[in-house]
Number of protein chains: 4
Amino acid sequence: MSEHRRGPVRSEAARVAILDATARLFAARGYDHLTMEGIAAEAHVGKQTIYRWWPSKGALVADCLLEGRLFPEGFSPADTGDLRADLIAWLRGILAFVDREGGDTMVHSLIAAAGDHPSVGARLSEQLGANPLLRARFESAVAAGQLSPDRPLDELGDAFVGAVVLRALGRAPTDAAAAARLVNAVLGPA
Amino acid sequence: MSEHRRGPVRSEAARVAILDATARLFAARGYDHLTMEGIAAEAHVGKQTIYRWWPSKGALVADCLLEGRLFPEGFSPADTGDLRADLIAWLRGILAFVDREGGDTMVHSLIAAAGDHPSVGARLSEQLGANPLLRARFESAVAAGQLSPDRPLDELGDAFVGAVVLRALGRAPTDAAAAARLVNAVLGPA
Amino acid sequence: MSEHRRGPVRSEAARVAILDATARLFAARGYDHLTMEGIAAEAHVGKQTIYRWWPSKGALVADCLLEGRLFPEGFSPADTGDLRADLIAWLRGILAFVDREGGDTMVHSLIAAAGDHPSVGARLSEQLGANPLLRARFESAVAAGQLSPDRPLDELGDAFVGAVVLRALGRAPTDAAAAARLVNAVLGPA
Amino acid sequence: MSEHRRGPVRSEAARVAILDATARLFAARGYDHLTMEGIAAEAHVGKQTIYRWWPSKGALVADCLLEGRLFPEGFSPADTGDLRADLIAWLRGILAFVDREGGDTMVHSLIAAAGDHPSVGARLSEQLGANPLLRARFESAVAAGQLSPDRPLDELGDAFVGAVVLRALGRAPTDAAAAARLVNAVLGPA
DNA sequence: ACCTAACCGAGACGGTACGTCGCGTCTTCCC
DNA sequence: GGGAAGACGCGACGTACCGTCTCGGTTAGGT
């Protein structure tokens with residue numbers, strides 16, 4: 001009944017080698033020094049094998065992001081019961097990542113990749129902003145009466161993550177109090 | 001007294017022709033279809049004349065932005081006395097610009113350019129976010145008692161503009177109520 | 001047994017198109033107006049395809065020479081039994097070629113190419129001087145007793161061809177008796 | 001009565017500096033690595049000053065040649081009374097010059113320059129071949145009965161020098177007996 | 001036990017743009 | 001008005017990648 005494909009199936013080894021090579025080169029040299037030829041060489045794979053399964057460099061990076069090959073970590077806010085303190089700690093972690101050696105390159109690369117490939121943009125806020133987890137933290141704060149139930153929570157997360165992205169775009173230096181200022185700005189003073 | 005330079009000075013005609021050509025091509029075809037060769041041809045100028053004065057495509061676009069060649073307008077919030085209404089109107093204008101024909105291309109191009117060149121990022125928030133004017137609007141709101149004097153105003157602006165940028169990165173479609181939701185999220189419910 | 005190469009083999013069509021284009025443009029505009037870009041365009045070929053197989057313009061011209069694409073003819077002395085008359089006729093042919101419309105350009109181009117690429121120089125004396133055939137003519141003359149068997153024949157050929165090349169270098173105009181004078185000078189008076 | 005030119009006359013210092021720089025760079029890097037910009041810089045002279053007085057690189061080199069800035073020496077045959085021995089010694093000197101470090105570069109450069117500028121070709125045979133002196137040696141040999149008075153002497157010189165140039169073009173290695181073979185070839189066996 | 005379609009590596013191909021070099025001209029200031 | 005400095009429009013250079021294509025070799029179904 002069903003149409004059967006003959007011949008060998010997709011090589012998992014090749015798929016993994018390509019994604020590994022992509023993540024490795026992305027981390028080492030950034031998105032715009034990433035080349036299809038470089039990936040193919042690094043992965044010991046023919047270029048056609050890449051093009052057979054991914055339409056573009058952006059899609060490849062999006063897949064790496066999806067499989068968590070670019071951020072081993074994944075930032076998520078703690079829940080100590082004190083929303084402001086938790087948000088400040090969470091933002092500090094992200095800002096420290098951006099400020100560290102090569103971190104701004106990583107962020108800029110992701111932003112560049114987001115420009116190339118729509119789904120990278122979507123993944124970006126999830127991975128960097130950990131939006132589902134962030135939203136959960138907000139919901140917990142609402143339940144605890146620390147946050148008005150009328151605040152649209154997704155937009156609230158966007159405001160925090162967006163401010164960080166904007167800072168990263170402009171490469172503005174971040175001081176120690178930046179996280180606290182941003183929380184005060186968005187949530188209102190304590 | 002001063003050490004004097006001999007030889008011809010920089011040609012203003014060439015400088016203007018290059019910036020004009022850059023702005024024209026940027027608007028027409030977007031940042032990543034913008035090429036140095038295309039600019040040189042459009043400006044009837046040698047490539048070397050571009051490289052003599054600008055190190056990269058990004059720097060060129062940054063200068064265009066600085067001279068207001070990319071946004072004749074410049075979004076600025078009105079001051080009717082009602083902060084929320086003014087912010088919603090201002091955000092709607094920006095979102096409409098992003099959503100309009102080719103508007104997302106323009107924004108993505110600017111974001112891409114920001115990745116290439118630091119000062120584009122800085123200029124971006126000023127031009128697109130009109131930060132000095134936005135800050136003035138916030139200060140007016142503080143004076144009117146509509147905003148707590150303890151909110152850091154620059155971070156507040158970053159949160160708004162950042163959220164818009166983040167939306168644009170993910171190419172999420174914007175509905176009519178998006179502006180209002182964002183204002184409620186950041187400022188708290190009315 | 002043998003290590004096997006994978007991947008596509010060299011395209012004969014591209015090779016021929018490049019050599020054809022080179023010969024065509026060389027004949028039309030001379031060696032120093034010959035450009036790699038022009039050849040690539042004329043041959044409908046990427047520049048890299050030329051650089052992949054030839055290191056320089058000179059090597060390309062040398063290959064054309066080797067395949068007889070620059071002189072369809074190839075000057076060779078007749079053997080009527082009269083050495084002096086045959087040499088004079090042969091030299092007249094060459095001098096006429098040099099003097100004719102564009103002929104000096106061709107010769108200067110070849111000399112310039114010889115400067116660029118060693119093997120062009122070697123091929124030059126073979127093609128223009130037809131040395132193997134010239135040497136055969138000398139051997140025939142030795143057998144006929146018209147030439148001392150102690151004359152080194154290669155050097156004899158070099159003397160004739162070299163004198164012509166030297167004339168061409170200096171662009172000295174050649175009169176009708178030039179060929180006869182050269183024969184008398186080298187072979188001694190009749 | 002006569003039209004007087006006003007302003008300063010041609011600067012001899014500049015003229016000498018340019019020719020010196022040309023000769024220095026020619027010897028150091030060869031004709032085709034010689035650039036007008038390089039000469040101007042080396043001579044601490046504006047490019048316009050060069051173009052004001054010389055039409056091309058070739059003309060510049062021709063002038064250097066004319067003033068003896070390229071060959072301090074100038075090969076001339078001795079007159080010991082033995083023509084063959086004198087010619088062999090003379091040829092050996094030239095061949096040694098060609099074969100020595102960078103000597104072939106020098107000769108190739110001169111040939112290339114001859115292609116660019118007609119008078120370089122003419123000067124070349126005079127300087128390298130020392131034709132007037134060579135002709136004088138031949139005339140002495142005719143007087144001594146060592147050479148038939150019917151041999152055209154200019155063509156005879158051309159044959160010798162031309163054979164050397166041809167060898168140099170093809171970069172053929174020269175062995176010790178080469179000079180003797182050439183003399184035997186052209187003059188006939190002893 | 002073939003057959004054969006789809007996979008794989010390698011890499012040649014026609015292209016586009018890059019950033020550099022050198023050309024010959026033009027422009028500015030100084031002597 | 002000659003000369004230094006050097007900016008200009010221009011054209012070619014040789015390189016880097018793009019995305020497509022063409023090879024032989026390798027694997028699995030299907031028959």
Side-chain angles (χ1 to χ4, degrees), chain A residues 4-11 13-14 17 33-41 43-53 55-57, chain B residues 4-11 13-15 17 33-41 43-53 55-57, chain C residues 4-11 13-15 17 33-41 43-53 55-57, chain D residues 5-11 13-15 17-18 32-41 43-53 55-57:
Chain A
H4 277 287
R5 266 201 349 93
R6 278 186 301 176
V9 293
R10 175 172 186 178
S11 157
H33 290 101
L34 194 64
T35 68
M36 293 307 240
E37 304 210 325
I39 294 168
H44 302 294
V45 141
K47 275 200 290 180
Q48 194 61 253
T49 302
I50 303 181
Y51 283 106
R52 188 153 21 231
W53 304 108
S56 70
K57 199 168 68 168
Chain B
H4 196 55
R5 237 192 40 79
R6 277 186 297 180
V9 293
R10 176 173 185 178
S11 157
R15 197 188 69 88
H33 289 99
L34 193 64
T35 67
M36 294 305 236
E37 302 215 322
I39 294 168
H44 304 294
V45 143
K47 259 198 295 183
Q48 197 58 46
T49 301
I50 304 182
Y51 282 107
R52 195 167 0 246
W53 302 109
S56 67
K57 201 169 67 168
Chain C
H4 195 54
R5 232 192 44 76
R6 278 186 298 179
V9 294
R10 176 172 186 180
S11 157
R15 196 189 69 88
H33 290 101
L34 194 63
T35 67
M36 293 306 236
E37 302 216 323
I39 294 168
H44 302 294
V45 143
K47 258 199 293 183
Q48 197 57 46
T49 300
I50 303 181
Y51 283 108
R52 187 154 23 232
W53 303 109
S56 67
K57 200 169 68 169
Chain D
R5 268 196 350 89
R6 279 183 304 170
V9 293
R10 173 172 187 179
S11 156
R15 196 189 70 87
I18 290 166
D32 40 358
H33 290 100
L34 194 64
T35 67
M36 295 304 242
E37 305 211 326
I39 294 168
H44 302 293
V45 141
K47 276 199 290 179
Q48 195 59 253
T49 303
I50 303 181
Y51 282 107
R52 198 168 355 248
W53 303 109
S56 69
K57 198 168 70 169

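Below, chains carry the letters A, B, ... as their sequence lines are ordered, and counting in each starts from 1. Because the structure is a prediction, the values reported are computed rather than measured.
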key: B/K57 or D/S56, whichever maps to the more 5' nucleotide of DNA chain E   = B/K57
ask   = Which whole-number value in Å describes the distance from B/Y51 OH to F/dG9 P?
value = 15 Å
ask   = Which atom pair, heavy atoms only, marks the closest approach of C/A40 to C/G46?
value = CB-C, 4.3 Å
key: Integer-rounded Å distance: E/dC21 P and C/M36 CE   = 19 Å
query = Could you state the NE2-C1' distance from D/H33 to F/dC13, rounded to the nearest angstrom?
reply = 13 Å
ask   = If you take all heavy atoms of D/I18 and D/I39, which pair is closest and at what distance?
value = O-CG2, 4.0 Å
task = Write down the atom of D/L34, the atom of D/K57, and the distance for their closest heavy-atom approach.
result = O-NZ, 3.1 Å
ask   = side-chain hydrogen bond (donor to acceptor under 3.5 Å, both in side chains) with D/E37: which residues, sequence neighbours excluded?
value = D/K47
task = Assign a letter to each nucleotide of nucleotides 6-12 of chain E from its 5' end: B, base within under 4.0 Å of a protein heavy atom; S, sugar-phosphate only; -, no contact.
result = BSBBBBB
key: Whole-Å gap separating C1' (E/dC23) and CD1 (D/I50)   = 12 Å
ask   = Nearest of E/dC18, F/dC13, E/dG22 to any side-chain atom of D/T35?
value = E/dG22
note = CZ of B/R10 to OG1 of B/T49, rounded to nearest 0.5 Å, is 9.5 Å
remark   = Heavy atoms of D/A14 and D/S11 approach each other most closely as N-OG, 3.0 Å
request  = Send over the distance from C/I39 CD1 to E/dG14 P, rounded to a whole Å.
outcome  = 14 Å
